[in-house]
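Heads up, the thing below is written out as structure tokens.
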Amino acid sequence: MVAQLTQFERRLALIIAGLMALCGLVLAAFGHRDPIGVHGLIILAAAIGTMFVVISGSFADVPDDSHLGRYYDDPIKVGVVLAMGWAVFAMAVGDWVAWLLAYPEMTFDAAWSGFGRLRPMHTTGIIFGFGGNALIATSFHVMQRTSRARMPDQLSPWFVLLGYNLFCILAVTGYPMGITQSKEYAEPEWYADIWLVIVWVVYLALYLRTLARRQEPHIYVANWYYLAFILVVAVLHIVNNLAMPIALASAKSFPIFAGVQDAMTQWWYGHNAVAFFLTAGFLGMMYYYLPTRSGRPIFSYRLSIISFWGITFFYMWAGSHHLHYTALPHWVQTLGMTFSAMLLVPSWASAGNALLTLNGAWHKVRDDATLRFMMVAAVFYGLSTFEGSFMAIRPVNSLSHYTDWTVAHVHAGALGWVALITFGAIYALVPILWKRQGMYSSALVEVHFWLALAGTLVYVFAMWNSGLVQGLMWRTYSASGTLAYSFVESLVAMHPYYIARAVGGLLFLSGAVVGCINIWMTARHAPGTAQDAVRDRPLVILASRSLEPGE
Amino acid sequence: MFGFHYRLERHSIALAVAIILVASVGGAVEIAPLFTIDETVEHAPDMRLYTPLELAGREVYIREGCYACHSQMIRTLRDEVERYGPYSLAAESQYDHPMLWGSKRTGPDLARIGGKYSDEWHFAHLFNPREVVPESVMPAYRWLSRNELSTDDLGRYLAALRKVGVPYSDDMVAHAADDAHGQATPDSARARGVAGRYGEPTNIRAFDGDPGRLTEMDAVIAYLQILGQLTKAAYGSAPDAGE
């Protein structure tokens, strides 16, 4: 890890870690009466750990120039491992809270174990821990391969990856201590948010610097999506997290917007976290790994242009459909509904483009579970974007909103689309990274595929049912013109669905565990490739221009 | 169009700028006018502010993640108005940093829960929900009655909220901790100050039944009992069912 860093990068790493240790120390000292002090200690420990690793690795020889003729894949390996680790952790927490809804007494008499504190651990762990690490890792792979250029330096990818994971750790350790802004999918407090901005700026710079070194005249589609993911998430994150801390030594802050403006900002953020974190980034993944795995070029270049700009433009208008029939002015609701409906066009263009790419390779879909992961992901992407546009229509939303139907929709997207495309991409990527002939066991990939698919279907059907039942019971009138059901009667009706949902989640989680074992065995025991994949090299050597490490 | 794109996709910075511009339009059109159009938030002259104790309760509500299962936004639908009360107005959450409208009703809406149940009911329900609602799946929050409420930061809460636009006075900021104690200790000198600063309708009583101790339970119950009660604006005309 450190051996690949130049002498300058090792010193810089040490300085950065030293500065972070100082920040951690200051937070720990001044915030010792506040939960922020614990986070100070975590930052301090992470920084000291990093310094220890850097120093102990500093005695290794400085790498010669030959490594510049290869892609830099070490951080990608770590990113894949981290993504899988977060997946298992966050899915386990999710399944735990799912059982809590069926059996609320199955818990401890302690604040940290309450449903409301565990739930954001699940959502943050999945979206940012699993999804984010998978996006960072695959983007490092895709940007180098499609640019046919090595990353410009060895330090910034580590800074991005490890710094990002520090953010995730600050987030999920904060919730059990009660640190939260309460804004869904933006729960971490102000200091973690500032740290993420710093990491994100370095990420953007790294991406643009790699693109600047590209040996291909055109920037490939996958990179447009990764770029949109990085840029727009930055805008969303900064605006939605504007807040006034009560003191610099306290974790607590108050968002600067209130009421209806805060609600609109929050769901402009919330919906576009779905759009640019959970859709754009993963479409970037799909646009690279689906064609390379199936050996087919993208069906239509023009379709990908239309869908890219359609998604980038339309999605940002759609957030207000989370606020139908609320105190949000009617005109904003109408705009949100209209653009959500139009969003179906670029969404289905993307899904269709993916599926049509598989024409001529359907026999591979049948035989290769990795490719099948990606194919089914594209199908679920099409399904959940249709469902999303449908649910954004005001009268439909009057039934679906506040119910488990929303939860079904989210999980059709998160399990069926995001997680399946990620597993497909990871199974395609792992043998390349560790230079193996293939995964350790393709049978285990099959097992994972069927567990994941079964888990998704059980989960989503359970929540569709419960959501519809709930929504209908709330609005049913008796013959005498009064509401037919009390709230608690609708709650009792949910019980069987809540059990089914938890079982579905357990199936999905066991699939992820199988995947972890398979990846571990691939890295450790699978037979390596004899050829050092000469094709999998950057073009710089051929370009006859010498390369400076810091370029 | 495709010819233009053919050139655009050869320049990473141009592509990045184009992405930012294209993505900014929606938010600019939908969010910015909410700050400038007067009709967005109704005029509610009788609007009261959260007392320090209610605010502390609100922070406990946020800390425990209550918003994950309870909404505070009654929609303009007939069944919701009949089940929960008049639909929510923007004015009612105009001082809510952050808003807690919520997105999911695993439990019922709480926008107008204030005054519907007694303090004793809330205490029993928070201590063990299945005591009063046998079918409930809500977690028990027993530690709320064990934890003393920390009032050290309340002055800074009010000061920070004032910076983002909530009209707390200097007097309110200065007496924040005292007022929190006073609101849960009726018939004390400190209690009289609370009513003076926050208005006569303010609930002043021992919310958890024990005036000797100020607990997080006091704060949460004080907060729940004020929900929907800060202004009468929504009750002004007969509830207009549906649209």
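Throughout, protein chains are lettered first and strands after them, A, B, ... in sequence-line order, and every chain is numbered starting at 1.
By a heavy-atom distance cut of under 4.5 Å, B:Glu59, B:Ile62, B:Arg63 are the residues of residues 49-63 of chain B near chain A, going up by number. Near-neighbour residues of residues 31-41 of chain B relative to chain A, defined by a heavy atom under 4.5 Å from a heavy atom of that chain, comprise B:Ile31, B:Pro33, B:Leu34, B:Phe35, B:Ile37, B:Thr40, B:Val41.
Most heavy-atom pairs under 4.5 Å with chain B: of the set A:Thr180, A:Leu100, A:Leu118, this distinction falls to A:Thr180. In terms of non-hydrogen atom pairs under 4.5 Å with chain B, the most contact-rich of A:Glu184, A:Gln261, A:Arg119, A:Arg302 is A:Arg302. Comparing A:Pro329, A:Ala228, A:Ala111, A:Ala110 by heavy-atom pairs within less than 4.5 Å of chain B, the highest count is held by A:Ala111. Your options are A:Ala212, A:Gly178, A:Ser182, and the one with the most heavy-atom pairs under 4.5 Å with chain B is A:Ser182. When the candidates A:Val260, A:Asp109, A:Leu335, A:Val492 are compared by the number of heavy-atom contacts under 4.5 Å with chain B, A:Asp109 comes out ahead. Of the listed residues (B:Ser93, B:Pro98, B:Ala68), the greatest number of heavy-atom pairs within a distance under 4.5 Å of chain A belongs to B:Pro98. Of all the listed residues (A:Trp309, A:Phe339, A:Trp112), the one sharing the greatest number of non-hydrogen pairs under 4.5 Å with chain B is A:Trp309.
Atom CG in A:Asp34 sits 9.5 Å away from atom OG in B:Ser150 (nearest 0.5 Å). Between atom CZ of residue B:Phe2 and atom CD1 of residue A:Ile305 there is a gap of 5.5 Å, rounded to the nearest 0.5 Å. Taken to the nearest 0.5 Å, the OH atom of A:Tyr325 stands 7.0 Å off from the OG1 atom of B:Thr76. Rounding to the nearest 0.5 Å places CD1 of A:Ile306 at 10.5 Å from NE2 of B:His5. Here B:Lys163 contributes atom NZ and A:Ile256 contributes atom CD1; the two are 13.0 Å apart, rounded to the nearest 0.5 Å. Atom CZ of A:Phe487 is separated from atom CZ of B:Arg83 by 8.0 Å, given to the nearest 0.5 angstrom.
In this structure, the portion of B:Leu8 lying under 4.5 Å from any heavy atom of chain A is its side chain and not its backbone. Only the side chain of A:Val407 has a heavy atom closer than 4.5 Å to any heavy atom of chain B. Neither the backbone nor the side chain of B:Cys66 comes within contact range of chain A; no heavy atoms are under 4.5 Å apart. Interface remark: A:Tyr269 contributes no atoms to any contact with chain B (heavy atom separation under 4.5 Å). Proximity to chain B (any heavy atom under 4.5 Å) is shown, for A:His401, by both the backbone and the side chain. Only the side chain of B:Arg130 comes within contact range of chain A, with heavy atoms under 4.5 Å apart. Only the side chain of A:Trp331 comes within contact range of chain B, judged by heavy atoms closer than 4.5 Å. Interface residue A:Trp474: backbone and side-chain heavy atoms are both found under 4.5 Å from chain B. Looking at B:Ala140, there are no atoms closer than 4.5 Å to chain A (heavy atoms on both sides), in backbone or side chain. For chain B, no part of A:Glu216 is nearby; none of its heavy atoms comes within less than 4.5 Å. Of the two parts of B:Asn147, neither the backbone nor the side chain holds a non-hydrogen atom closer than 4.5 Å to a non-hydrogen atom of chain A. For a residue to count as touching a neighbouring chain, one of its non-hydrogen atoms must lie under 4.5 Å from one of that chain's; by this rule B:Val133 touches chain A with the side chain only. Using a 4.5 Å cut-off between heavy atoms, B:Ala91 makes no contact with chain A at all. Heavy atoms of A:Tyr103 lying under 4.5 Å from chain B are absent altogether. Heavy atoms closer than 4.5 Å to chain B are found in the side chain of A:Leu491, but not in its backbone. Using a 4.5 Å cut-off between heavy atoms, A:Val235 contacts chain B through its side chain alone, with no backbone atom that close. Of the atoms belonging to A:Ser490, not a single heavy atom falls under 4.5 Å from chain B. Heavy atoms of A:Thr107 lying under 4.5 Å from chain B are absent altogether. Neither the backbone nor the side chain of B:Ala159 comes within contact range of chain A, judged by heavy atoms closer than 4.5 Å. Heavy atoms closer than 4.5 Å to chain B are found nowhere in A:His495, neither backbone nor side chain.
The two residues B:Ala160 and A:Ile246 make their nearest non-hydrogen contact at CB-CG2, 3.9 Å. Nearest approach of B:Arg156 to A:Ala247, heavy atoms of both residues: NH1-CB, 3.1 Å. Among all heavy-atom pairs drawn from B:Arg105 and A:Gln470, the shortest one is O-NE2, 3.7 Å.
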Next on the checklist: Run the side chain to side chain contact (heavy atoms under 4.5 Å, CB included) test on A:Trp267 and B:Glu30 for me, step by step, so that the C-alpha distance in whole Å, both residues' side-chain angles and the decisive distance to 0.1 Å come before the verdict.
Outcome noted: CA-CA 11 Å; A:Trp267 288 109; B:Glu30 291 188 346; over 6 Å; no

Item to check | Chi angles and distances behind the side chain to side chain contact (heavy atoms under 4.5 Å, CB included) call for B:Val166, A:Phe254 | outcome: CA-CA 11 Å; B:Val166 185; A:Phe254 291 97; over 6 Å; no

Checklist entry - Given the rule in the side chain to side chain contact (heavy atoms under 4.5 Å, CB included) test, do A:Ile219 and B:Ser12 qualify, once you have shown the distances and angles that lead to the verdict? => result CA-CA 7 Å; A:Ile219 299 170; B:Ser12 57; 3.7 Å; yes

Checklist entry - Please walk me through it: do B:Arg75 and A:Tyr402 pass side chain to side chain contact (heavy atoms under 4.5 Å, CB included)? => result CA-CA 11 Å; B:Arg75 296 181 293 171; A:Tyr402 294 133; 3.4 Å; yes

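Side-chain contact between A:Tyr301 and B:Tyr6: present, with at least one pair of heavy atoms (C-beta onward) separated by less than 4.5 Å. Two residues are said to be in side-chain contact when any heavy atoms from C-beta on lie closer than 4.5 Å; B:Asn128 and A:Glu105 meet this criterion. Within the 4.5 Å cutoff, side-chain heavy atoms of A:Leu323 are placed close to those of B:Trp101.
Look at B:Glu80 and A:Arg475 and you find no salt bridge, because none of the NZ, NE, NH1 or NH2 atoms lies under 4.0 Å from a carboxylate O. Between A:Arg33 and B:Asp153 no salt bridge is recorded (no basic side-chain N to carboxylate O distance below 4.0 Å).
Taking A:Ser466 as the reference, A:Asp404 meet the side chain to side chain donor-acceptor pair (under 3.5 Å) condition, with sequence neighbours excluded.
At least one donor-acceptor pair under 3.5 Å links the side chain of B:His97 to the backbone N or O of A:Phe257. At least one donor-acceptor pair closer than 3.5 Å links the side chain of A:Asp262 to the backbone N or O of B:Met99. A distance-only check finds no donor-acceptor pair linking the side chain of A:His218 to the backbone of B:Arg10 [under 3.5 Å].
More than 12 heavy atoms of other residues, nucleotides or ligands lie within 6.0 Å of OH in A:Tyr498, so this atom counts as buried by the packing criterion. Around atom CD of A:Glu489, more than 12 heavy atoms belonging to other residues, nucleotides or ligands sit under 6.0 Å away.
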Going by atom type alone, with no hydrogens or angles, which donor-acceptor pairs under 3.5 Å involve a side-chain atom of residues 310-317 of chain A and a protein atom two or more places apart or on another chain?
residue, atom, partner, partner atom, Å
A:Thr312, OG1, A:Phe308, O, 2.8

